[in-house]
Amino acid sequence: MSEQIERIKTLIIGSGPAGYTAAIYASRADLKPVMYTGMEPGGQLTTTTEVDNFPGYPEGIDGPTMMVQLQQQAERFGTEVRIGMVTAVDFSDEPGGVHKITVDDSKQIEAETVIISTGASAKYLNIPSEQRLRGGGVSACAVCDGFFYKGQEVAIVGAGDTAAEEASYLANICEKVTMLVRKDYMRASKAMQHRVNSLDNIEVRYNTEVDEVLGDQVVEGLRMVNNQTGEKEDIAITGLFIAIGHKPNTDIFKGQLDMDDTGYILTEGKSTKTNKPGVFASGDVQDKEYRQAVTAAGTGCMAALDAERYLAAIESKEALVS
Ligand SMILES: Cc1cc2nc3c(=O)[nH]c(=O)nc-3n(C[C@H](O)[C@H](O)[C@H](O)COP(=O)(O)OP(=O)(O)OC[C@H]3O[C@@H](n4cnc5c(N)ncnc54)[C@H](O)[C@@H]3O)c2cc1C
């Protein structure tokens with residue numbers, strides 16, 4: 001016997017800071033949100049030990065604990081948190097139309113509003129020593145973790161604008177920054193290259209890649225390899241930052257939602273509205289600029305308020321017609 005289609009008011013896809021903040025606001029506004037957590041319950045912050053910059057935690061907090069607290073706060077107001085992946089969507093083009101969602105390739109849901117908070121995943125080099133030391137000195141976020149390496153020697157991998165910006169950020173905090181650039185030139189804009197080159201404590205190594213991250217429990221050094229000569233060199237560092245880009249988790253929305261050329265969802269003006277009525281996007285999935293927990297949470301709040309106003313406008317239109 002086929003399972004009955006479930007009808008809900010508000011569906012939240014993703015359980016990072018954006019999703020949980022949307023859930024807190026949506027449940028307090030009686031939108032009875034149902035959240036699907038995806039493959040990473042709690043989102044990216046569950047991969048870090050120390051969150052020092054989220055307001056309200058004077059001593060800092062570890063990422064997984066913070067996300068459990070956000071879940072508890074959302075559940076306190078009635079959010080239903082479910083484990084599951086949204087695997088397909090069919091969004092309506094009509095204001096007041098119903099959006100069809102498939103979970104885990106089987107369960108069918110119809111939702112009046114949808115809040116997308118599926119985040120963006122940092123790209124890694126995917127070599128074993130890097131993966132082993134993630135959280136032990138290997139990080140994909142200089143703004144988040146740079147402070148922990150104050151006065152120390154670190155390295156950064158990448159050649160684009162973000163890598164150049166993060167290298168400059170680290171140079172203000174750290175003793176020395178070695179920047180590994182795979183090609184014999186940087187992709188970053190001329191202005192960003194100028195900024196990097198003007199800082200005495202950044203050393204740029206062209207044609208250079210990571211051969212191995214050294215260290216047992218924590219990063220102690222880096223073995224670099226020159227991809228032209230094959231020559232290897234070890235340097236002592238305590239932190240390695242990977243800045244080779246992010247991939248927004250938007251594959252299932254392709255063809256349905258407007259996106260930029262790198263797959264980030266486009267939203268209207270200062271709102272979280274997508275090009276489909278009743279579908280909103282919050283957090284890193286629509287923000288390649290700031291990518292912080294607090295900015296994700298801020299747009300999660302906006303998405304819930306936008307959803308609430310959308311439903312109220314539909315209801316008053318229906319009341320006028322009847
Ligand atoms: C190592 C590291 C350290 C960081 N440290 C800090 C810090 O100290 N301070 C700070 O402010 N920021 C930090 N950040 C950045 C911060 O984690 C992100 O900006 C923030 O988590 C983005 O929140 P989000 O809700 O948009 O998405 P995410 O946290 O990325 O969550 C996305 C959610 O969507 C779910 N999902 C994806 N696809 C689907 C699907 N198809 N169906 C259902 N669910 C789905 C995932 O399972 C996940 O729960 C750090 C990031 C990293 C990687």
Side-chain angles (χ1 to χ4, degrees), residues 11-24 34-57 60-68 70-71 74 81-89 101-105 107 109 114-124 130-131 133-148 166 239-254 263-265 272 280-303:
L11 176 74
I12 298 173
I13 312 176
S15 55
Y20 276 125
T21 308
I24 292 164
V34 170
M35 170 192 279
Y36 278 94
T37 62
M39 64 300 183
E40 193 174 47
Q44 290 174 63
L45 283 186
T46 58
T47 67
T48 189
T49 43
E50 199 68 37
V51 180
D52 247 359
N53 54 9
F54 199 88
Y57 294 103
I61 184 162
D62 72 279
T65 305
M66 182 178 147
M67 294 317 299
V68 167
L70 277 177
Q71 177 173 348
V81 179
R82 299 179 186 167
I83 305 287
M85 278 291 279
V86 169
T87 45
V89 295
I101 287 97
T102 309
V103 179
D104 293 335
D105 290 320
K107 186 177 170 55
I109 292 182
V114 177
I115 296 174
I116 299 169
S117 315
T118 49
S121 308
K123 292 181 188 163
Y124 285 88
E130 171 216 50
Q131 291 300 308
L133 289 165
R134 268 176 68 175
V138 174
S139 169
C141 183
V143 176
C144 312
D145 295 334
F147 182 78
F148 301 120
E166 296 205 340
L240 175 66
F241 293 88
I242 311 294
I244 55 173
H246 284 74
K247 184 186 181 308
N249 300 317
T250 53
D251 286 353
I252 52 168
F253 309 116
K254 281 195 177 132
Y264 284 85
I265 296 175
T272 61
F280 306 92
S282 61
D284 286 11
V285 76
Q286 52 81 60
D287 170 25
K288 61 177 168 195
E289 190 69 31
Y290 300 105
R291 286 196 291 252
Q292 291 295 291
V294 71
T295 48
T299 53
C301 156
M302 289 163 62

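Just so we're clear, the structure is a prediction, and the values are computed from it rather than from any experiment. Order of appearance sets the numbers: ligands from 1, and atoms from 1 within every ligand.
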Does ligand 1 have any N/O pairs with the protein under 3.5 Å, and how far apart?
unit_1: ligand 1; atom_1: 9 (N); unit_2: Asn53; atom_2: OD1; d: 2.8
unit_1: ligand 1; atom_1: 9 (N); unit_2: Asn53; atom_2: ND2; d: 3.4
unit_1: ligand 1; atom_1: 11 (O); unit_2: Gln292; atom_2: OE1; d: 3.2
unit_1: ligand 1; atom_1: 11 (O); unit_2: Ala293; atom_2: N; d: 2.8
unit_1: ligand 1; atom_1: 12 (N); unit_2: Ala293; atom_2: N; d: 3.3
unit_1: ligand 1; atom_1: 19 (O); unit_2: Asp284; atom_2: OD1; d: 3.3
unit_1: ligand 1; atom_1: 19 (O); unit_2: Asp284; atom_2: OD2; d: 3.0
unit_1: ligand 1; atom_1: 19 (O); unit_2: Arg291; atom_2: O; d: 3.2
unit_1: ligand 1; atom_1: 19 (O); unit_2: Gln292; atom_2: N; d: 3.3
unit_1: ligand 1; atom_1: 25 (O); unit_2: Pro17; atom_2: N; d: 3.3
unit_1: ligand 1; atom_1: 25 (O); unit_2: Ala18; atom_2: N; d: 2.9
unit_1: ligand 1; atom_1: 26 (O); unit_2: Asp284; atom_2: N; d: 2.8
unit_1: ligand 1; atom_1: 29 (O); unit_2: Gln44; atom_2: N; d: 3.0
unit_1: ligand 1; atom_1: 30 (O); unit_2: Gln44; atom_2: NE2; d: 2.8
unit_1: ligand 1; atom_1: 34 (O); unit_2: Ser117; atom_2: O; d: 3.3
unit_1: ligand 1; atom_1: 41 (N); unit_2: Val86; atom_2: O; d: 3.0
unit_1: ligand 1; atom_1: 42 (N); unit_2: Val86; atom_2: N; d: 3.0
unit_1: ligand 1; atom_1: 44 (N); unit_2: Gly38; atom_2: N; d: 3.3
unit_1: ligand 1; atom_1: 47 (O); unit_2: Thr37; atom_2: O; d: 2.8
unit_1: ligand 1; atom_1: 47 (O); unit_2: Met39; atom_2: N; d: 3.3
unit_1: ligand 1; atom_1: 47 (O); unit_2: Glu40; atom_2: N; d: 2.9
unit_1: ligand 1; atom_1: 47 (O); unit_2: Glu40; atom_2: O; d: 3.2
unit_1: ligand 1; atom_1: 49 (O); unit_2: Ser15; atom_2: N; d: 3.1
unit_1: ligand 1; atom_1: 49 (O); unit_2: Ser15; atom_2: OG; d: 2.8
unit_1: ligand 1; atom_1: 49 (O); unit_2: Thr37; atom_2: O; d: 3.1
unit_1: ligand 1; atom_1: 49 (O); unit_2: Glu40; atom_2: O; d: 2.8

Scan the side chains in residues 137-148 for donor-acceptor partners under 3.5 Å anywhere in the protein, sequence neighbours excluded, and list what turns up.
unit_1: Ser139; atom_1: OG; unit_2: Cys141; atom_2: N; d: 3.0
unit_1: Ser139; atom_1: OG; unit_2: Cys141; atom_2: O; d: 3.4
unit_1: Ser139; atom_1: OG; unit_2: Asp145; atom_2: OD2; d: 2.7

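In this structure, the side chain of Thr87 engages the main chain of Asp105 through a donor-acceptor pair within 3.5 Å.
Environment of OH in Tyr290: sparse, with no more than 12 heavy atoms of neighbouring residues, nucleotides or ligands closer than 6.0 Å.
Sorted by first then second residue, the salt bridge (Lys or Arg N to Asp or Glu O under 4.0 Å) pairs that include residues 239-254, not counting sequence neighbours, are Lys247-Asp251, Asp251-Lys254.
Taking OG of Ser15 as the start and CG of Leu45 as the end, the distance is 11.0 Å to the nearest 0.5 Å.
Every residue meeting the ring-ring contact (aromatic ring centres under 6.0 Å, His included) condition with Phe241, not counting sequence neighbours, appears here in chain and number order: Tyr149.
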